[in-house]
Amino acid sequence: MSPWRCAAAQERRPGKGCVLRLCLLSATLLLCLLQLGLRRSWDAAQPVKEARKPPLPPPGARRAEKASEATSRRQVTYVRSGRRRGPAEPTCCLQGAPPSDARKKTIRWHINLQPWASPTASLNNEASRLLKYISTAQISCDHMSMNNLPGNPNSSRRPWSICLDDRFSLVHQIKRKQCRLYSLGLGSDNNQFEISMANSGCEVHRFDPSIKLAHIQKGQRLWYHRLSIDWRDPNPMIAAHKLHTNTKKLGTVLNDFGHHKIDILKADMESAEWKILENLILEDVVEHIGQLVLEIHVHWPGFEVSGNDSTVVRYWYSLFKELELKDFRLFHTYKDLSKPQVFLKREAFNASSCYTLSWVNTRWK
């Protein structure tokens, strides 16, 4: 072999090695690119929630985060409770307050009528059963006088009797100045009871459609409202100027005022009490009342109470039995002998046309 050929062969060998190395390098690079593409495809196929799952913080940071959450919860509770006014800051009402969730229940349309007092519908039997009921206390109350309450050293005992026994919460609420009284009337009755309760520390709201202003405050704890409580709300289709007075249901007033309970409800509605009591029962408003002091009138059926005489008396009696189902017990009755002795337009049964009855809610807290 000539020297020239040997030199050429030696020069070609390094070129083949470089080509081989370039091929291997290209193959390696291609494999890397393929592996990177497969990895990206795999990551894209993973569930979103796993990709978004944040890393767990260290134990010290988790403890600090829990402490911060607990502090924020305490701050929210503090802000909510701070909106409540204490006993030293009585308020009239919160117009436009959100309705109470406790009263958002299924509304009944009719009360459950009790069986007839006898196999045949007899007025004598129905009247005897009713009069015996309203003349007999179901539970004893040892302290009904307000003489021992602060601000009432010389109060005389009146038919508006409330139970102040220690087993019921009213006396404690009065002493803590945390009780509330609603007084329903038509403007003609005496207001000495309301003044006495306000002097004792009760927050008193008297609904009187005869006053000139919408709300009048007399003293620190006594308010008058130009409202008449009815068993129905006004028809929205009737213009306000055509209504004789501003009337609302008691449940509507509670929602409007932002009140969730009434410790004492006193009512003298001149024969509208039957339908109002029916509304309180059907809408479960009575469950938010601690004591009920009600003047009833039996000289005629009452507003919008229909039926013959025996049916009317059966209806009256059924209303009282509905109160029993709500854990109300009659503790005081007062027969007004100064009123005409008339029962459904009859001078019969030795009955007065007017009685004052006092019930206590035995489940009241």
Side-chain angles (χ1 to χ4, degrees), residues 91-97 99-100 103 107 159-160 180-195 197-198 202-218 221-286 288-289 291-306 316 319 339 353-357:
T91 59
C92 163
C93 47
L94 300 174
Q95 296 291 343
S100 170
R103 285 187 291 276
I107 298 177
W160 306 107
R180 179 178 294 124
L181 164 67
Y182 270 32
S183 174
L184 317 183
L186 297 177
S188 59
D189 52 332
N190 189 290
N191 62 352
Q192 187 60 42
F193 176 77
E194 289 80 357
I195 294 175
M197 295 304 299
C202 239
E203 175 189 323
V204 179
H205 298 269
R206 181 177 168 89
F207 297 89
D208 182 354
S210 66
I211 64 176
K212 296 181 180 180
L213 299 179
H215 306 282
I216 299 176
Q217 183 175 357
K218 292 189 176 181
R221 296 181 174 275
L222 178 59
W223 288 270
Y224 288 79
H225 308 283
R226 191 179 59 199
L227 277 172
S228 179
I229 303 302
D230 204 347
W231 58 92
R232 61 203 162 188
D233 285 326
N235 190 333
M237 302 301 296
I238 301 177
H241 66 273
K242 293 184 179 181
L243 297 174
H244 297 290
T245 183
N246 190 7
T247 63
K248 290 184 179 181
K249 295 187 297 185
L250 184 61
T252 303
V253 173
L254 286 171
N255 286 339
D256 289 346
F257 284 12
H259 296 160
H260 305 298
K261 71 179 183 70
I262 306 172
D263 294 282
I264 308 167
L265 176 64
K266 173 208 167 189
D268 179 9
M269 298 302 295
E270 302 297 338
S271 297
E273 66 272 2
W274 300 110
K275 296 299 291 184
I276 292 175
L277 179 59
E278 179 187 45
N279 171 257
L280 300 184
I281 292 170
L282 294 178
E283 296 190 358
D284 289 327
V285 178
V286 293
H288 304 276
I289 299 172
Q291 296 193 25
L292 173 64
V293 188
L294 179 68
E295 185 172 282
I296 64 169
H297 303 86
V298 297
H299 59 286
W300 71 295
F303 293 103
E304 295 194 13
V305 178
S306 60
W316 290 348
L319 286 174
K339 300 294 179 66
S353 60
C354 180
Y355 293 80
T356 303
L357 310 177

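Values below: every heavy atom of this structure, side chains too, minus hydrogens, waters and symmetry copies. Quick caveat: nothing in here was measured; it's all calculated off a predicted structure.
Here the closest heavy-atom approach between residue P209 and residue G185 is recorded as CD-O, 3.7 Å. Scanning all heavy atoms of the two residues, the minimum distance from W316 to W300 falls at CZ2-O, 3.5 Å. Closest approach of R180 and K261 over heavy atoms only: NH1-O, 2.9 Å. Listed here is the closest heavy atom pair of N246 and R226: CB-O, 3.9 Å. The heavy-atom pair separating N279 from W231 by the smallest distance is ND2-O, 3.6 Å. Considering every non-hydrogen atom in both T252 and K248, the closest pair reads CG2-CD, 4.1 Å.
Between atom NZ of residue K275 and atom CG of residue L319 there is a gap of 8.5 Å, rounded to the nearest 0.5 Å. Interatomic distance, E270 CD to F303 CZ, rounded to the nearest 0.5 Å: 8.5 Å. For the atom pair NZ (K249) and CG (L282), the distance works out to 10.0 Å, reported to the nearest 0.5 Å. Distance check, rounded to the nearest 0.5 Å: NE2 of H299 to OG of S353 gives 6.5 Å.
Looking at E295 and H297, their side chains do bring a donor and an acceptor atom within 3.5 Å of each other.
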Evaluation steps, side chain to side chain contact (heavy atoms under 4.5 Å, CB included), between L280 and L265: CA-CA 11 Å; L280 300 184; L265 176 64; 3.9 Å; yes
Worked verdict on K266 versus D268 for salt bridge (charged side-chain N to carboxylate O under 4.0 Å, His left out): CA-CA 7 Å; K266 173 208 167 189; D268 179 9; over 6 Å; no
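Taking the side chain as every heavy atom from C-beta outward, L277 and I296 never approach each other to under 4.5 Å. Two residues are said to be in side-chain contact when any heavy atoms from C-beta on lie closer than 4.5 Å; E304 and R232 meet this criterion. Contact of the H205 side chain with the V253 side chain is not registered, since no non-hydrogen atoms from C-beta on lie closer than 4.5 Å. Two residues are said to be in side-chain contact when any heavy atoms from C-beta on lie closer than 4.5 Å; F257 and Y182 meet this criterion. Counting heavy atoms from C-beta outward, R221 and V204 have side chains that stay 4.5 Å or more apart. Contact of the F193 side chain with the L181 side chain is registered, since non-hydrogen atoms from C-beta on lie closer than 4.5 Å. Annotation: side chain of K218 is in contact with side chain of Y224 (closest heavy-atom distance under 4.5 Å). For the pair M269 and W274, the minimum side-chain heavy-atom distance is 4.5 Å or more.
No donor-acceptor pair closer than 3.5 Å links the side chain of R206 to the backbone N or O of L222. Put simply, the side chain of E278 never gets that close to the backbone of I276: no donor and acceptor are under 3.5 Å apart.
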